[in-house]
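Here is the structure we will look at, set down as structure tokens.
Only heavy atoms go into these numbers, but all of them, side chains included; no hydrogens, no water, no symmetry mates.
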Amino acid sequence: MSAPARSPRPPLPRARRPRWGLRLATGGACLVLAVSGIGHLLVRELESGIHRVDAFGGLDNRPKSTGGGVNFLVVGTDGREKITPREKALYRLGGAPCRCTDTIMLMHLSGDHRRVSAVSLPRDSYAEIPAYTDAAGKRHPSHPRKLNAAYAEGGPNLTVRTVEHLTGVHVDHYLEVDFASFMKTVDVLGGVKICTARPLKDDHTGLDLPAGTHVLGGGQALQYVRSRHVDGTSDLGRIQRQQRFLAAVVHQATAGGILLNPVRFNRVAGALLGSVRADHGFSAVDMVALGRAMSGVTPASSEFASVPVILPGVPVKGAGSTLRWDRAKAERLFTTLREDRPLVAHRPKRVRATPVDVDPAQVRVHVLNGTNTTGLARRADRALHATGFATTGSPADAATPDVRHTEIAYDPVWDRSVRSLAAALPGARLKPVAGQGAVMQVTVGADYKGVRPVRVEAPKTDTAGFGAVTGDEVACPEGGATRSL
């Protein structure tokens, strides 16, 4: 999908900053809308759906905008008062609504509109809340708190001030999404496909996903991105799942043609804007222009990172345990963002691989040929080794040459490891053999069709030191069985 043609523009005067920062090609967007035949109606409907918030009023001493591109501060809020009683019970959203933020993220659209970078800011990050005056006229001095306390104390305005103070990144636009708009948007998209190499279960949110690939509806997607008690990684593990989810959304929006289809775009945007809050400078025309600009973005050109932190957390009086940032790495991260440079260095194009729980390098494999095809075991051994498995390198013939189905014999104590091997040999039958030991035995049968590439679920991170990955590295591979939930 390609963006509409754009004509070169003269540089904007420094003294006059447009409300879009570096405004997207509004003229091109209007042309697309006019050709669509429903442009005026679409813009009017979207404009009426945007709930406004004063996120920038009275802000001073702000970071300068350098390097080009547009920066969005995206905040996920509770908003459970808009959820139906049935949804509250089904998705474990009970309790009183809170004036709090579940997710805080900086999103950067590059100046050439070809790259989107999303940087998660852990909500438990240590932050110095800037001095401010509250609605009652009371003056509050600067004080240490968790980052998400900025919203609780002073709403969007104080949140923007705190984030800009922490990161040195100029925020051009503010978007706030609550539970209701999140679920509606996912449902209008037709669900979002995610995959997991191991079962995910969280009694707090009700998330209960077996290993595999799933299409999540709005409620299940909310459980997925909110869960913090799946394992011991707490909020940091949740951030990784949110990144995978966003990568899946980018893939679905671009591959599915949503951004070029005015009717579908209107439905998705309408669902999102039904509950979203945005700054006064973010118009419906800007949203349409953003959608068109995003047409050139793919999972490979979308980047995801989280601010590097130092573990364990540090207790702060009145705030509890907080996460301190690794200041050197964090500064490199935000400098890269300010200068409109990629977070991930160029990497050779990688083959889409199935994510697995156990690193193939830890799985030892011996291959036997159960057919009359000469050299088949050696080819299978080399293919398994190429995707990372620790093969013996000494394949042999099986006791019989008439094996119909490929079989994996394994010791039950290695039941997690065998799932990684089974993912590389789809359709292979598993045969538990007590006492076999650490080496698994693959007997290649007549149904053998090759080895599917696999990778450990935790993706390789960048060499810059702040853990950035591209969307195609965390998105689901093509093919494979999918469950709709």
Side-chain angles (χ1 to χ4, degrees), residues 3 12 16-26 28-30 43 46-60 62-77 101 103-121 147 150-151 154-178 181-182 185 246 249-250 253 259 265 268-270 272-295 297 302-303 334 337-340:
L12 293 164
R16 183 173 171 237
R17 180 179 183 80
R19 62 184 176 182
W20 245 93
L22 290 177
R23 180 181 286 277
L24 296 172
T26 303
C30 291
V43 170
L46 293 182
E47 193 70 54
S48 64
I50 301 177
H51 300 269
R52 298 298 179 183
V53 60
D54 182 11
F56 300 106
L59 297 189
D60 54 12
R62 303 184 64 194
K64 293 182 179 180
S65 180
T66 59
V70 183
N71 299 316
F72 296 81
L73 179 60
V74 182
V75 173
T77 60
T101 53
T103 302
I104 306 171
M105 183 179 297
L106 273 173
M107 298 193 72
H108 175 83
L109 176 63
S110 65
D112 62 8
H113 307 161
R114 296 179 180 176
R115 184 182 69 256
V116 169
S117 306
V119 178
S120 299
L121 312 180
L147 177 56
Y151 188 91
N157 191 279
L158 187 58
T159 301
V160 170
R161 290 188 62 199
T162 304
V163 169
E164 288 191 337
H165 176 73
L166 268 176
T167 66
V169 174
H170 183 99
V171 175
D172 296 299
H173 288 288
Y174 175 89
L175 295 175
E176 183 179 304
V177 181
D178 64 22
S181 61
F182 178 89
T185 303
L246 283 175
V249 170
V250 169
L259 300 180
F265 179 82
V268 173
L272 178 63
L273 293 180
S275 303
V276 77
R277 302 207 300 169
D279 65 271
H280 291 285
F282 186 66
S283 70
V285 171
D286 290 331
M287 163 158 275
V288 175
L290 174 63
R292 302 304 167 186
M294 286 284 290
S295 65
V297 175
S302 59
E303 308 174 310
F334 294 121
L337 210 63
R338 287 192 295 268
E339 296 178 354
D340 196 27

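Going from atom NE2 of His173 over to atom CZ of Phe56 covers 7.0 Å, rounded to the nearest 0.5 Å. Going from atom CG of Asn157 over to atom CG of Leu59 covers 4.5 Å, rounded to the nearest 0.5 Å. Atom NE2 in His165 sits 8.0 Å away from atom OG1 in Thr162 (nearest 0.5 Å).
Scanning both residues, Asp279 and Ala55, for their nearest heavy atoms gives CB-CB, 4.4 Å. For the residue pair His108 and Gly69, the shortest heavy atom distance occurs at CE1-CA, 3.9 Å.
Of the candidates Val74, Val70, Asn71, Met107 forms a side chain to side chain contact (heavy atoms under 4.5 Å, CB included) with just one, namely Val74.
Contact annotation: the side chain of Thr159 never approaches that of Glu176 to less than 4.5 Å [non-hydrogen atoms, C-beta and beyond]. Contact of the Leu337 side chain with the Ser117 side chain is registered, since non-hydrogen atoms from C-beta on lie closer than 4.5 Å. Side-chain contact check for Asp172 versus His170: some heavy-atom pair is nearer than 4.5 Å. The shortest distance between side-chain heavy atoms of Val119 and Phe334 falls below 4.5 Å.
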(Q) Determine whether Leu73 and Ile104 satisfy the following criterion, side-chain contact (heavy atoms from CB on, under 4.5 Å), listing intermediate values before the conclusion. (A) CA-CA 7 Å; Leu73 179 60; Ile104 306 171; 4.0 Å; yes

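Here the side chain of Glu164 pairs a donor or acceptor atom with the backbone of Val171 at under 3.5 angstrom. When atom types are taken as modelled, the side chain of Ser110 and the backbone of Arg115 share a donor-acceptor pair closer than 3.5 angstrom. The closest donor-acceptor contact from the side chain of Arg338 to the backbone of Thr167 lies under 3.5 Å. Between the side chain of Arg277 and the backbone N or O of Arg52 there is no donor-acceptor pair closer than 3.5 Å.
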